[in-house]
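Since the structure comes first, as structure tokens, the remarks are kept for the end.
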Amino acid sequence: MATVGEQTFRTEKMMKRGLLPSNVLEHQNCGPNCISFPACSVEAKSTCQPRFRLLRGYEEWAARNHILAIFSLLAIFALSCTFMFADSMRRSTEIIEEIDTHSLPKLSLPDQNSWATENSLKRSGLLSEEVGGSDSDGVAHPVGGDGKVPFGCNDKSATLKLFMYDLPPEFHYGMLVAQTDSRKQTWPKNVTDIPPYLGGLYKQHSPEYWLTTDLLTSNMAGRQSACTAFRVSDWKAADYMFVPFFASVAYNKYTKTEHHAGGELDLVGDKNQKLQEKLLEYLKQQPAWQASDGCDHILVMHHPNSMHAMRDSFRNVLFVLADFGRYPPDVANVEKDVVAPYKHIIPSFDNDSSSFEDRETLLFFQGTIVRKQGGVIRQQLYEMLKDEEGVHFEEGSSGSEGVHSATSGMRGSKFCLNIAGDTPSSNRLFDSIASHCVPVIISDDIELPFEDELDYSEFCVFIKSEDALKEKYVINLLRSITRVQWTFLWKRLKAVARHFEYQHPTKPYDAVNMVWRAIARRAPSVKLLLHKKRHFLRSLQN
């Protein structure tokens with residue numbers, strides 16, 4: 001039994017905790033060995049001892065519960081640490097896999113050690129960035145004074161000021177309708193009056209249509225979408241003169257071709273050639289052309305055979321092309337001209353949430369296998385890859401059924417093969433981008449759109465032709481790319497895909513505005529050339 005001192009100490013302790021009344025020690029009727037309650041009397045002395053034992057038991061029970069609670073908290077803490085350690089080990093494995101520089105030999109990818117930097121994370125979309133500066137697609141986005149993207153279209157917000165010739169409809173929209181307006185109206189009065197472009201494969205060479213339509217509507221009342229190019233009425237106030245000739249449509253509709261044994265193309269006195277001659281005659285009568293000899297003029301000729309008969313007469317003009325495969329370097333070159341993307345035929349892959357595992361096919365190609373000139377490599381690669389596991393390499397058609405099968409095939413593949421054909425480029429590259437299928441480019445002479453703004457190595461795989469023809473080189477290289485590395489390429493591809501979209505109304509930094517931006521970057525060199533030509537103008541006049 002506890003002593004009186006011990007009982008008193010415990011009683012005071014329980015009083016402090018509020019478990020006993022504060023006046024319990026004031027009662028002396030129960031004697032020295034009994035803790036009395038206010039109602040305790042001498043007659044009830046015999047009952048006081050059991051009450052003390054109950055209180056003492058309660059105190060011991062409370063102490064045990066406190067100990068159990070402490071042990072429970074320690075157990076929960078230990079379990080949490082175990083889960084955190086397991087998760088950290090998993091993440092460490094992924095990081096090690098990501099920075100493994102030996103897994104991608106000779107592969108044209110960004111430096112693996114830079115993938116974890118803040119800039120790379122922002123550009124890959126893993127970190128957000130405010131509007132303006134460099135967005136996740138790597139393109140510098142100018143902003144207004146209020147920090148927002150410019151709204152609407154006017155001569156102050158536009159980067160380029162262009163003068164557009166009022167050519168008759170036979171040179172542009174008139175080729176898209178069955179019957180031209182008998183009133184000889186040059187331009188459609190309203191946006192709704194603009195006819196649609198030709199369908200099918202004709203669409204791939206339609207930049208002429210989208211650029212003309214954007215420029216035509218740039219100064220129309222009520223335009224809300226921002227613009228890069230604005231149409232001015234005075235050619236002397238313009239950076240360039242735009243020639244609205246649908247050269248690709250003219251070739252597809254009017255050209256009569258004759259193929260010789262050597263594969264050469266001959267154009268014989270067709271309507272397309274007559275339009276070209278008529279166009280040149282018209283331009284030579286214009287003051288703007290006479291002042292510059294065409295150096296500050298823009299002509300879109302995206303089809304590789306566009307303007308075939310008259311190219312040399314337009315050599316000073318800035319061309320908007322698909323590539324330089326069928327042009328002599330003194331007529332078209334990367335310093336003077338601009339490369340524009342094809343209009344993809346396959347629909348854009350909106351809301352793409354696929355993963356590395358979802359895209360079960362490793363490598364996809366569907367198209368013409370046997371090609372002439374630079375396209376002979378297709379046949380060689382077909383023989384090397386056709387039986388490899390995870391590879392789809394088949395002949396394909398350009399009809400609706402072929403487009404449907406190519407759409408599902410590209411969307412279900414990790415990589416899409418883009419091989420040189422009759423020309424260094426093809427629409428297949430831009431179908432791959434629209435499908436978010438990482439392009440594998442095997443074309444040594446290809447010139448890519450907007451490459452002074454976009455780093456294609458961040459969302460494409462480049463392989464030299466001589467390496468591609470080495471046994472197992474292509475398939476081993478693609479199989480060595482890890483899930484983390486492929487996901488990096490895929491995220492970058494999704495971020496830049498909007499730069500290859502032709503549309504009207506346009507959206508900021510879509511294909512139309514990106515082409516105008518590329519032309520704007522040529523403007524200073526054109527002005528420099530024109531200023532140099534005027535050095536001795538006074539002496540020539542004398």
Side-chain angles (χ1 to χ4, degrees), residues 97 100 102-109 344-346 349 354-446 457 459-487 489-490 493:
E97 180 184 23
D100 181 9
H102 301 290
S103 62
L104 289 177
K106 300 182 181 179
L107 182 60
S108 299
L109 284 177
H344 58 82
I345 304 300
I346 287 179
F349 195 0
S354 57
S355 65
F356 184 81
E357 290 76 19
D358 294 334
R359 293 177 176 254
E360 297 179 353
T361 301
L362 176 65
L363 180 63
F364 181 88
F365 178 90
Q366 181 175 301
T368 305
I369 295 176
V370 179
R371 305 293 286 188
K372 56 183 180 290
Q373 299 176 3
V376 293
I377 191 176
R378 289 191 182 184
Q379 180 70 31
Q380 296 170 297
L381 286 172
Y382 170 73
E383 298 297 335
M384 297 174 65
L385 295 170
K386 63 179 181 178
D387 296 324
E388 292 287 349
E389 183 180 356
V391 174
H392 176 100
F393 202 132
E394 293 183 0
E395 187 83 19
S397 65
S398 58
S400 58
E401 185 176 344
V403 172
H404 177 74
S405 62
T407 301
S408 60
M410 286 186 169
R411 292 182 177 183
S413 302
K414 296 178 179 68
F415 299 97
C416 286
L417 196 56
N418 297 272
I419 322 170
D422 297 341
T423 57
S425 66
S426 73
N427 187 56
R428 188 170 293 102
L429 169 62
F430 305 98
D431 284 339
S432 302
I433 293 174
S435 305
H436 306 153
C437 179
V438 177
V440 178
I441 299 176
I442 305 177
S443 180
D444 296 345
D445 298 323
I446 194 170
S457 67
F459 53 90
C460 296
V461 176
F462 290 86
I463 302 177
K464 293 181 179 179
S465 297
E466 61 178 353
D467 290 333
L469 294 176
K470 296 176 182 177
E471 189 68 24
K472 297 281 187 180
Y473 185 93
V474 173
I475 195 68
N476 287 343
L477 181 61
L478 298 182
R479 286 173 178 166
S480 71
I481 297 177
T482 66
R483 176 176 59 84
V484 172
Q485 293 164 345
W486 178 87
T487 302
L489 294 167
W490 175 73
L493 188 59

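Just so it is clear, the model here is predicted, and its values are computed rather than measured.
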Looking only at non-hydrogen atoms, find the nearest pair between [X] and [Y] and report the distance.
{"X": "Pro439", "Y": "Phe459", "answer": "CD-O, 3.3 Å"}
{"X": "Ser432", "Y": "Leu493", "answer": "O-CD2, 4.4 Å"}
{"X": "Ile377", "Y": "Ala420", "answer": "CG2-O, 4.2 Å"}
{"X": "Lys414", "Y": "Trp486", "answer": "O-NE1, 3.0 Å"}
{"X": "Ser405", "Y": "Gln366", "answer": "OG-NE2, 2.8 Å"}
{"X": "Ile463", "Y": "Asp444", "answer": "O-OD1, 4.3 Å"}

Partners of Phe430 by ring pair (Phe, Tyr, Trp, His ring centres under 6.0 Å), sequence neighbours excluded?
Tyr342, Phe500
So, using ring pair (Phe, Tyr, Trp, His ring centres under 6.0 Å) as the criterion, who are the partners of Tyr382 when residues are at least two apart?
Phe393
Taking the side chain as every heavy atom from C-beta outward, state whether His344 and Ile433 have any atom pair closer than 4.5 Å.
no
Approximate separation, where rounding is to 0.5 Å, of [X] [atom1] and [Y] [atom2]:
{"X": "Leu417", "Y": "Cys437", "atom1": "CG", "atom2": "SG", "answer": "9.5 Å"}
{"X": "Ile446", "Y": "Asn418", "atom1": "CD1", "atom2": "CG", "answer": "7.5 Å"}
{"X": "Leu429", "Y": "Ser443", "atom1": "CG", "atom2": "OG", "answer": "9.5 Å"}
{"X": "Ile441", "Y": "Ser465", "atom1": "CD1", "atom2": "OG", "answer": "11.5 Å"}
{"X": "Leu478", "Y": "Glu388", "atom1": "CG", "atom2": "CD", "answer": "10.5 Å"}
{"X": "Ile419", "Y": "Leu381", "atom1": "CD1", "atom2": "CG", "answer": "5.0 Å"}

Could I get the full list of salt bridge (charged side-chain N to carboxylate O under 4.0 Å, His left out) partners for Glu383, not counting sequence neighbours?
Lys386
For Arg359, enumerate each residue passing the salt bridge (charged side-chain N to carboxylate O under 4.0 Å, His left out) test, keeping only those at least two apart in sequence or located in another chain.
Asp352
Carboxylate-amine/guanidinium proximity below 4.0 Å for Asp431 and Arg428
no
For Leu489 and Gln485, what are the C-alpha separation, side-chain angles and deciding distance, and is it a side-chain contact (heavy atoms from CB on, under 4.5 Å)?
CA-CA 7 Å; Leu489 294 167; Gln485 293 164 345; 5.7 Å; no
Taken in chain and number order and not counting sequence neighbours, the residues that satisfy side chain to side chain contact (heavy atoms under 4.5 Å, CB included) with Glu394 are His392
What pairs with Glu357 under side chain to side chain contact (heavy atoms under 4.5 Å, CB included), at least two apart in sequence or on another chain?
Ser355, Arg483
Apply side-chain contact (heavy atoms from CB on, under 4.5 Å) to the pair Phe365 and Leu385, showing each step before the final yes or no.
CA-CA 10 Å; Phe365 178 90; Leu385 295 170; over 6 Å; no
Can you check whether Ile369's main-chain N or O pairs, donor with acceptor, with Glu395's side chain at less than 3.5 Å?
yes
Judged by atom type as modelled, is there a donor-acceptor pair below 3.5 Å linking the side chain of Asp445 to the main-chain atoms of Pro424?
no
Residue pair Met384, Val474: steps toward the side-chain contact (heavy atoms from CB on, under 4.5 Å) verdict
CA-CA 9 Å; Met384 297 174 65; Val474 173; over 6 Å; no
